[in-house]
Amino acid sequence: MSTRRWLENAFWETSEKKMVNCILELVDDIGRNHRQVMKISKYDSEGNENPDFSEVVTSIGFDVIDKNTEERRTRKKAEAEEKKQRQLEHAKARKLEQLFEYKLEAFEVEEIKNTKNRPLKSKLRRAKNKFEVDIYAMMIIMEEMKRKEEENGED
Amino acid sequence: MEKTKGFVIVASHKPNFYKYAVNLMESILDFYPEAKITLVTEDRFLEPHGEEIADQVLICEDHYRAKLWGMAKSPYDLTMYIDADMECEHEDIITVWEQLGDNDVMFSALTDDRSYVYSQRDFDTPEGKTKFTLCGGVCLYDMTKPIVKEFMWDWWELTREQMAGNWWPAGYDKSLNRWDQFSLWWLTERESKYKDLKIGIFEDDLRWNYYNVFNFARTKPEGEIILRHYSGGIKKDGYIL
């Protein structure tokens, strides 16, 4: 014998609660199971009440649909927040990689590579952005130039 | 007598790894000025600056997995091997030796919840499906134990043989032969002589090997990152294994 039932997880499609999003489960005479996702409006195009809508609401219950809608809204909001956070972290990680490569290029500059000023070089390594890298790189280069000048002056 | 302690860093095959290695050495010294570091590299890459900051230098051959040779050649009793493309960013690097406990060898872990950054982790064996569980990006080990020394040499020899096509077990997908994880898996899971090797995982292991390709919103350590791994960086493929 064929049967039909509305699954319990229905939720309101609109805040006015004039459309419900639901799943109809049908089992045919030989036991085959079919599920249909449906959006059912309270009124048809001519303004008449839709009997399917009443059937869904009566079968599942107004309160249950309200509760499902609220839970879904909370879940979707959390998912969207998590997705946003992941995208943010992904972008931060890419930026960090680029900064890492940028620092390695700075360390290839002879004056920076060979500086004995380890604290300053360490600051460059810990720099949080390219601007900071440039500043510390400049400081090291200037210090090295000055040191060389002094050495030449002593000669 | 107290055991000697030091780091082993290997830069082979590609010039970029030498640059990474020098940066890694300096970053360790930023937080741990007394650290002893052995740099293993090829003669063609070695520069005076790298030689100057390393405690000692060992010259290796041009091999993609020369890291395993370097690990086996460690001059230190307690050795912390770190992949060259990593950077130290926390003072807790000094506490690394306390991590070993009564283990022989320690790694970081490959886990299901981190699998979104692994290109190949699951594989078929004649006995059914299995997966890699150990990550060789960092490895802390005690070379005073004969079993550890032998293990390190076996890992290198087996990897070299497998990559050269001289060794491969029947029933395993040949594409796995590019991974030193496979030789590691084989030795730890199939070699009876290593059944008693005590293998541990670093406590809060993400602190000790945090791949930058991890999404921090999804995968993060409990404490602050000590060693960051740029393995999936912009000049690579985005995967760590």
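Proteins come first, then strands; the chains are lettered A, B, ... in the order of their sequence lines, and each starts at number 1.
- Residues A:Glu89 and B:Ala217 approach most closely at CG-N, 3.5 Å, considering heavy atoms.
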> Given the rule in the side-chain contact (heavy atoms from CB on, under 4.5 Å) test, do B:Asn23 and A:Phe107 qualify, once you have shown the distances and angles that lead to the verdict?
Replying inline: CA-CA 8 Å; B:Asn23 179 63; A:Phe107 289 134; 3.3 Å; yes

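- Scanning residues 45-84 of chain B against chain A with a 4.5 Å non-hydrogen threshold yields B:Glu47, B:His49, B:Glu52, sorted by number.
- With sequence neighbours excluded, the residues forming a side-chain contact (heavy atoms from CB on, under 4.5 Å) with B:Asp122 are B:Lys131, listed by chain and number.
- Rounded to the nearest 0.5 Å, atoms CD (A:Glu101) and CG (B:Asn16) are 6.5 Å apart.
- A 6.0 Å sphere centred on CD of A:Glu8 holds more than 12 heavy atoms belonging to other residues, nucleotides or ligands.
- With a 4.5 Å cut-off on non-hydrogen atoms, A:Leu104 touches chain B through its side chain but not through its backbone.
- Looking only at heavy-atom pairs under 4.5 Å with chain B, the residue among A:Arg86, A:Gln85, A:Glu108 that has the most is A:Arg86.
- Listed by sequence position, A:Lys113, A:Asn114, A:Lys116, A:Arg118, A:Lys121, A:Ser122, A:Arg125, A:Arg126 are the residues of residues 110-136 of chain A in contact with chain B, using a 4.5 angstrom heavy-atom cutoff.
- The neighbour count for A:Glu79 CD, taken as heavy atoms of other residues, nucleotides or ligands under 6.0 Å away, is above 12.
- From B:Phe216, atom CZ reaches atom CG of A:Leu88 across 12.5 Å, with rounding to the nearest 0.5 Å.
- No side-chain heavy atom of B:Val213 sits less than 4.5 Å from a side-chain heavy atom of A:His90.
- A search for salt bridge (charged side-chain N to carboxylate O under 4.0 Å, His left out) contacts involving A:Asp52 returns nothing, not counting sequence neighbours.
- Within a 6.0 Å radius of CE in A:Met145, other residues, nucleotides and ligands contribute 12 heavy atoms or fewer.
- Using a 4.5 Å cut-off between heavy atoms, B:Glu87 contacts chain A through its side chain alone, with no backbone atom that close.
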